[in-house]
Amino acid sequence: MDKTVILKEKIKKWGASKVGFAFLEDLLPKDLKHLKTGISIAVRLSDEIIAQIEDTPTHTYFHHYRTVNTYIDQITLKISMQLQNWGYLAMPIPASQSVNIDGKQYSGIFQHRTAATRAGIGWIGRNACLVTEEFGPRVRLGTVLTNMEAIYDKPVEESQCGSCKKCVRACPALALRGELWYPGIKREELVDAKACSMHMHNHYQHIGRGVVCGICVRVCPKGNQVIKR
Ligand code: SF4
Ligand code: SF4
């Protein structure tokens, strides 16, 4: 059996809700181009916990957010160990880590969202989150970069947000610009990341020291379809 198929089955067993393989060579920085395959995973969040977010995040959401990130880091570590056992290079990208590379803004080493769209997991919504057909934006993401050749999944190249702007209207920071995503659009055209982060910092300091919000995830009708109450 092909290693892509074997690995996909293992990753599902290890707890990923969705998994896809992406060709990323053209998008990676020069020093990472040899790791041209991105394995993207999504882990579904608790609907009940998301449903409890009204006009502020909750303590439970903050804890859940961190727990799921740790869980993702464990799955991507397992993937990397399996790849190395097979003789490949593997680099798990931290589930939630911002680094100040250019001295101007904080971002991840490589955007999980970008890998996820290339791997067919979903599209990027007007809320600048990865949105899946099954769970809406109620997922957290992880990525492993590797030099293993793979059977690549079909990238998602079109937004399914349509005319919906619920997240844009709900954002208390007025940070969402309302633009429809397409591959290659700059993140700042979708969201004013500074306004989002300042709002969280200034208003939710008592919940996880102001690093989570979740309102634009909560209101998305794609995710709401799966609420069972
Ligand atoms: S996380 Fe909150 S502040 Fe940031 S864009 Fe979403 S709704 Fe707005
Ligand atoms: S709330 Fe509407 S516009 Fe925003 S991400 Fe969800 S579907 Fe897209």
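Order of listing sets the numbers, starting from 1, for every ligand and every atom in it.
Near P172, with a cut-off below 4.0 Å to any heavy atom, the atoms of ligand 1 are 7 (S).
Any protein N/O/S atom under 2.8 Å from atom 4 (Fe) of ligand 2 was counted, giving 1 altogether.
Residues H34 and L89 are in side-chain contact: their nearest non-hydrogen atoms beyond the backbone lie under 4.5 Å apart. Side chains of T76 and I93 form no contact here, defined as non-hydrogen atoms less than 4.5 Å apart.
Taking 4.0 Å as the cut-off between side-chain N and carboxylate O, K36 and E149 count as a salt-bridged pair. Between D153 and K8 a salt bridge is recorded (basic side-chain N to carboxylate O distance below 4.0 Å).
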All N/O donor-acceptor pairs, side-chain side in residues 116-131, below 3.5 Å, sequence neighbours left out:
| residue | atom | partner | partner atom | Å |
| --- | --- | --- | --- | --- |
| T117 | OG1 | T114 | O | 2.9 |
| R118 | NH1 | F23 | O | 2.7 |
| R118 | NH1 | D26 | OD1 | 2.9 |
| R118 | NH2 | D26 | OD2 | 2.8 |
| R126 | NE | G178 | O | 2.9 |
| R126 | NH1 | G162 | O | 2.8 |
| R126 | NH1 | C164 | O | 2.6 |
| R126 | NH2 | G162 | O | 3.3 |
| N127 | OD1 | C129 | N | 3.0 |
| N127 | ND2 | C216 | O | 3.1 |

Inset, instruction - Report the C-alpha separation of K18 and E134 in whole Å, then their side-chain angles, then the decisive distance to 0.1 Å, and conclude whether the salt bridge (Lys or Arg N to Asp or Glu O under 4.0 Å) test is met. - result: CA-CA 10 Å; K18 292 193 80 169; E134 302 91 329; 3.0 Å; yes

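Counting protein heavy atoms only, atom 2 (Fe) of ligand 1 is closest to C213 SG, 2.3 Å. Counting protein heavy atoms only, atom 4 (Fe) of ligand 1 is closest to C196 SG, 2.5 Å. Among all non-hydrogen protein atoms, the one lying nearest atom 8 (Fe) of ligand 1 is C171 SG, 2.3 Å.
No side-chain donor from either of H64 and S46 sits under 3.5 Å from a side-chain acceptor of the other.
Ring orientation note: the planes of Y88 and W86 are nearly perpendicular, at an angle over 60° on the 30°/60° scale.
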